[in-house]
Amino acid sequence: INPKAYAVHITFFSGFAFYPSNFLVEVILKLFIANVIWILIHFFWLHAGVMINRLELPERIQRIINFIMAACLLAVVEEGGTDLAAAAAQ
């Protein structure tokens with residue numbers, strides 16, 4: 001669950017039209033752009049994970065990194081929930 005990603009995609013697909021004369025072409029182009037970005041980001045994260053794994057960090061350090069990443073994930077989810085609640089209240 002990533003509310004910020006949902007907001008970005010909703011804005012990207014409905015917030016503006018850059019090819020208003022042909023809706024189908026515009027949707028196909030937007031899907032292409034979104035997937036190129038998505039694929040590049042995932043390859044970057046895979047590469048970053050491989051690089052971190054190659055460091056052969058001690059178990060304690062790996063565990064600390066895991067807790068930090070989990071805390072960041074929870075913070076993003078909580079912030080997104082707060083944003084959705086605030087939007088719903090308006």
Side-chain angles (χ1 to χ4, degrees):
I1 298 174
N2 188 345
K4 290 181 182 179
Y6 296 150
V8 167
H9 282 89
I10 288 169
T11 302
F12 182 58
F13 282 95
S14 65
F16 63 95
F18 61 80
Y19 202 82
S21 62
N22 191 332
F23 179 73
L24 181 63
V25 171
E26 179 177 341
V27 170
I28 290 170
L29 285 172
K30 286 180 177 182
L31 284 170
F32 177 76
I33 292 167
N35 280 293
V36 167
I37 293 169
W38 181 83
I39 289 168
L40 290 175
I41 288 172
H42 281 78
F43 275 112
F44 169 76
W45 278 114
L46 286 171
H47 179 71
V50 168
M51 292 295 107
I52 290 173
N53 193 35
R54 286 186 185 167
L55 293 175
E56 297 182 10
L57 298 170
E59 182 70 28
R60 180 175 176 272
I61 301 298
Q62 287 181 357
R63 182 158 235 160
I64 291 170
I65 290 172
N66 285 344
F67 279 117
I68 291 170
M69 295 297 285
C72 290
L73 178 63
L74 290 173
V76 167
V77 170
E78 189 280 326
E79 181 184 337
T82 304
D83 292 345
L84 289 174
Q90 291 181 358

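Because only heavy atoms are used, hydrogens play no part in the values below, and waters and symmetry mates are left out as well, while side chains stay in.
The structure places CG of Asn53 at 7.0 Å from CD of Gln62, a figure rounded to the nearest 0.5 Å.
Taking hydrophobic clusters as Ile, Leu, Val, Met, Phe, Trp and Tyr residues chained together by side-chain heavy-atom distances below 4.5 Å, Ile39 shares a cluster with Leu46. Grouping the Ile, Leu, Val, Met, Phe, Trp and Tyr side chains by contacts below 4.5 angstrom, directly or via other members, places Val25 with Leu31. By the rule that hydrophobic residues join a cluster once side-chain heavy atoms approach within less than 4.5 Å of another member, Met69 and Ile61 end up as members of one cluster. Criterion: ILVMFWY side-chain heavy atoms under 4.5 Å apart, direct or through other members. Under it, Ile28 and Phe18 are not part of a common hydrophobic cluster. No continuous path of hydrophobic side-chain contacts links Trp45 to Leu55 [ILVMFWY only; heavy atoms under 4.5 Å].
One finds a salt bridge joining Lys30 and Glu26 here, because a Lys/Arg side-chain nitrogen approaches an Asp/Glu carboxylate oxygen to under 4.0 Å.
For the pair Phe32 and Val36, the minimum side-chain heavy-atom distance is below 4.5 Å. Contact annotation: the side chain of Phe43 never approaches that of His47 to less than 4.5 Å [non-hydrogen atoms, C-beta and beyond].
Between Val27 and Phe13, the closest heavy-atom pair is O-CE2, 4.3 Å.
The aromatic rings of Phe16 and Phe12 sit perpendicular, their planes meeting at an angle over 60°, well past the 30° parallel limit.
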